[in-house]
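Here the structure comes first, spelled out in structure tokens, and everything after it is commentary.
Keep in mind that this is a model prediction, so the values were computed, not measured. So you know, we letter chains A, B, ... as the sequences are listed, proteins then strands, and number each from 1.
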There are 2 protein chains.
Amino acid sequence: MTTMQDVATRAKVSAKTVSRVFNDDPHVTEDTRQRVQSAMRELKYVPNMMARTFREGKSAVIGIAVPDVADPFFAAVTKGIELAARENDMAIVVTSLGDNPSLEQSIIETTVRHQIGGLIMAPIADDQSYLARWQDSFPIVFIDRAPSKLNADYFVEDDFGGAFDATQHLIAHGHRRVAIVGDSTEVPTTRLRFQGYLAALDAAGMEHSEELIALGSRDADAAAQVCQRLLALPDPPTAIFSSNARFSTGVFPALQRMGRTDIALISFGDFPMADVLQPSVSVIDQDPRHVGRVAAERILARIATPAKRFRRKNVLSVKLIERQSCQPAPAVAVPVAAP
Amino acid sequence: MTTMQDVATRAKVSAKTVSRVFNDDPHVTEDTRQRVQSAMRELKYVPNMMARTFREGKSAVIGIAVPDVADPFFAAVTKGIELAARENDMAIVVTSLGDNPSLEQSIIETTVRHQIGGLIMAPIADDQSYLARWQDSFPIVFIDRAPSKLNADYFVEDDFGGAFDATQHLIAHGHRRVAIVGDSTEVPTTRLRFQGYLAALDAAGMEHSEELIALGSRDADAAAQVCQRLLALPDPPTAIFSSNARFSTGVFPALQRMGRTDIALISFGDFPMADVLQPSVSVIDQDPRHVGRVAAERILARIATPAKRFRRKNVLSVKLIERQSCQPAPAVAVPVAAP
DNA sequence: GCAAGTCATGTCATCGATGTCATGGAATTC
DNA sequence: GAATTCCATGACATCGATGACATGACTTGC
């Protein structure tokens with residue numbers, strides 16, 4: 001690895017002058033500039049990022065911590081962050097938090113040791129107070145879920161509104177028995193989506209029925225089983241609102257295996273191939289790439305102007321993509337007594 | 001940020017002694033050890049990774065460069081690398097190379113500035129000779145494609161064998177008109193898959209027909225159009241071998257839009273939801289997570305034992321996952337003259 | 001013609017952790 | 001009791017880039 005000193009020696013100047021040339025300092029004569037530049041070329045000089053940022057005390061790296069980098073949603077978020085970061089010459093270090101909330105803190109602390117210049121995370125635990133002491137070292141932005149027990153910037157989707165729209169969409173198609181499938185309401189995101197669901201039923205003057213509320217599944221497989229149970233009810237749902245994309249990839253095949261593609265389905269969160277399934281699945285799209293971009297831009301803005309004030313809470317709108325999975329409910333939805 | 005010096009001052013020792021305590025050096029009395037440790041706790045000391053690795057000249061970070069982090073295949077590879085890296089206390093910095101080969105070098109050079117401890121990349125250009133000068137600074141491992149004009153470790157899937165198996169599978173189901181859709185044969189991976197395709201036809205004693213070779217598409221959309229053209233032929237294919245997963249996500253919907261789900265399809269590379277599409281798509285599975293893991297393990301092994309010799313070329317086996325998309329060819333495959 | 005200003009370049013210190021060597025006291029050996 | 005070894009600890013230099021400040025040459029103004 002050639003250093004500035006190597007280049008300096010070759011160009012017969014001091015290391016400082018090489019630094020000046022490298023950083024386009026105007027106080028260098030054209031002559032020396034030429035000499036230094038050709039020395040750099042000959043020695044194939046590549047700056048040691050780490051030395052620079054070590055000195056600055058802050059690296060040109062944005063840390064990203066999400067539940068799972070391989071999840072299509074977070075992979076797209078990562079892409080969005082990466083593109084925005086690269087435009088500003090920053091790199092990204094990525095970490096998966098997994099699904100064990102108790103590991104969150106130690107994973108984050110490991111990431112933080114790398115002297116990151118900013119952190120973007122989608123939390124999985126319900127207490128981020130441990131991050132407080134880093135807040136004045138580098139900006140922290142939360143995505144997907146708001147932080148708990150910590151004041152920090154966050155960008156979340158409009159969970160309530162999206163769920164409301166999704167449910168309303170089903171109702172508008174004539175469905176009166178609408179089930180909701182999702183994970184635990186202890187997850188704030190899910191709680192909001194559940195509230196949106198209830199609000200939409202309420203707005204339509206409908207009662208919600210406890211048996212159609214199937215929250216608390218752990219994963220896509222569990223969600224699939226829950227569907228079976230729902231459809232076995234005496235008075236089964238004609239439509240299902242899947243409150244997250246990961247579960248939808250379990251719910252859809254389950255419906256298919258049971259031969260019940262007549263059941264309407266709408267998913268909070270788009271997922272791969274949703275548009276080419278039979279029937280294609282209507283979704284509430286969250287535009288993950290955009291989420292990543294705005295989060296990254298906030299980090300960059302906070303780095304550039306630390307004093308400036310920004311809005312902490314940011315709700316990103318979602319939009320309903322209508323496909324085929326929400327056909328009208330069968331005309332004879334209510335069991336009628338024999339005439 | 002509290003430094004070792006801060007801790008030292010508080011514990012009334014030198015920074016060096018704090019360093020010793022931190023690194024479990026036995027030459028410290030129990031008494032001082034206690035004092036230092038409590039000082040560390042009180043000040044919430046967290047080591048400055050960057051200072052350490054700057055001194056060492058090499059960071060505890062593995063660089064990953066793939067065409068697109070959001071692509072499900074590479075997202076899964078990344079996950080595999082991450083898991084293996086984390087077990088060894090290494091972080092990962094991820095970069096997307098995009099699809100413009102001429103940018104590869106500059107993107108990689110930007111990544112390299114971060115003093116990475118190793119590099120795992122899936123190249124997109126056809127010349128990696130520019131990496132030669134870093135080869136003795138840190139280990140480099142290629143995945144998915146072998147490097148060009150550079151000697152380095154690589155782990156590739158069995159492109160030839162997988163393509164052979166896929167094609168043979170179609171033939172075994174009675175197909176005699178088997179088309180291949182893919183990108184340019186300038187891509188080594190594609191070239192090998194094409195050769196596997198030809199070899200399988202040959203092994204079955206079949207001639208290949210030029211009109212069924214539809215290579216050179218740029219993206220999934222182009223591949224979709226190519227399918228239309230294929231099916232419009234006077235003597236159209238009854239089966240299609242899609243030589244990469246990304247294109248399959250274009251080919252499948254195209255067949256569906258044309259109402260030609262009777263056409264058999266097999267994809268080199270699994271893709272999300274392939275198992276729940278109608279019909280579900282048979283694929284050659286590459287196990288991306290495993291690819292990531294073995295690549296990371298090689299990097300770690302090279303770091304741990306630089307002198308040891310390893311096998312450069314590593315071909316990972318692939319396996320055929322049979323689903324529904326390869327039904328037998330229609331019995332009346334050849335147009336017959338009216339009796 | 002000389003003081004003040006301008007400008008190219010260099011010297012030194014710094015960021016935090018740690019390897020190298022020095023120091024000085026205690027323990028051990030003959 | 002003197003010589004030797006051991007051991008805890010500290011002082012200093014180091015990694016590479018760069019900010020603060022110094023230096024010395026040359027220009028400008030009156």
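Contact annotation: A:Tyr45 does not reach the phosphate of D:dG16 (side-chain N/O to OP1 or OP2, under 4.0 Å). Checking the phosphate oxygens (OP1, OP2) of D:dC15, no side-chain nitrogen or oxygen of A:Asn48 falls inside 4.0 Å. Considering only side-chain N and O atoms, B:His27 lies nowhere under 4.0 angstrom from the phosphate OP1 or OP2 of D:dC7. For the OP1/OP2 pair of D:dG10 and a distance below 4.0 Å, the side-chain nitrogens and oxygens of B:Thr17 include at least one atom meeting the criterion.
The separation between B:Met4 atom CE and D:dG10 atom C1' is 15 Å, rounded to whole Å. Atom CG in A:Asp25 sits roughly 13 Å away from atom C1' in C:dG10 (whole-Å rounding). Here D:dA8 presents its P atom at 10 Å from CZ of B:Arg33, a figure rounded to the nearest Å. Spacing between atom CZ of A:Arg35 and atom C1' of C:dG10 amounts to 14 Å, rounded to whole angstrom units. Summarising the geometry, the separation between CD on B:Glu30 and P on D:dC7 is reported as 16 Å, rounded to the nearest angstrom. If you measure from atom CD of B:Gln5 to atom P of C:dT18, you get 14 Å, rounded to the nearest angstrom. Nucleotide C:dC15 holds its P atom 9 Å from the CZ atom of A:Phe54, rounded to whole Å. Rounding to whole angstrom units, CD of residue A:Gln34 and C1' of C:dA8 are separated by 16 Å.
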**Prompt:** What's the verdict on side chain to side chain donor-acceptor pair (under 3.5 Å) for A:Asp127 and A:Ser148, showing C-alpha distance, side-chain angles and the deciding distance?
**Reply:** CA-CA 5 Å; A:Asp127 181 355; A:Ser148 295; over 6 Å; no
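Nearest to the side-chain atoms of B:Lys16 among the listed nucleotides C:dT18, D:dG19, C:dA17 stands C:dT18. Each of D:dG19, C:dT18, C:dA17 was ranked by its minimum atom distance to the side chain of A:Arg55; first place goes to D:dG19.
A donor atom on one side chain and an acceptor atom on the other are found under 3.5 Å apart for B:Asn100 and B:Ser102. In this structure, a donor-acceptor pair under 3.5 Å is present between the side chains of B:Ser96 and A:Glu82. Checking B:Glu104 against B:Tyr130 by side-chain atom types alone, a donor-acceptor pair falls below 3.5 Å.
Looking at heavy-atom distances under 4.0 Å, A:Thr32 makes contact with sugar-phosphate atoms alone, never a base. Among the protein residues, B:Arg52 comes within range of the sugar-phosphate backbone only, with heavy atoms under 4.0 Å from sugar or phosphate atoms but none that close to a base. Counting non-hydrogen atoms under 4.0 angstrom, A:Val18 reaches nothing in the nucleic acid.
If you find the closest nucleotide of DNA chain D to A:Glu56 and to B:Thr29, the one lying nearer the 5' end belongs to B:Thr29.
Residues forming a side chain to side chain donor-acceptor pair (under 3.5 Å) with B:Arg293 (at least two apart in sequence, or on another chain): B:Glu87, B:Glu297.
Not a single donor-acceptor pair, N or O on each side, falls under 3.5 Å between the base of D:dG19 and the side chain of A:Arg20.
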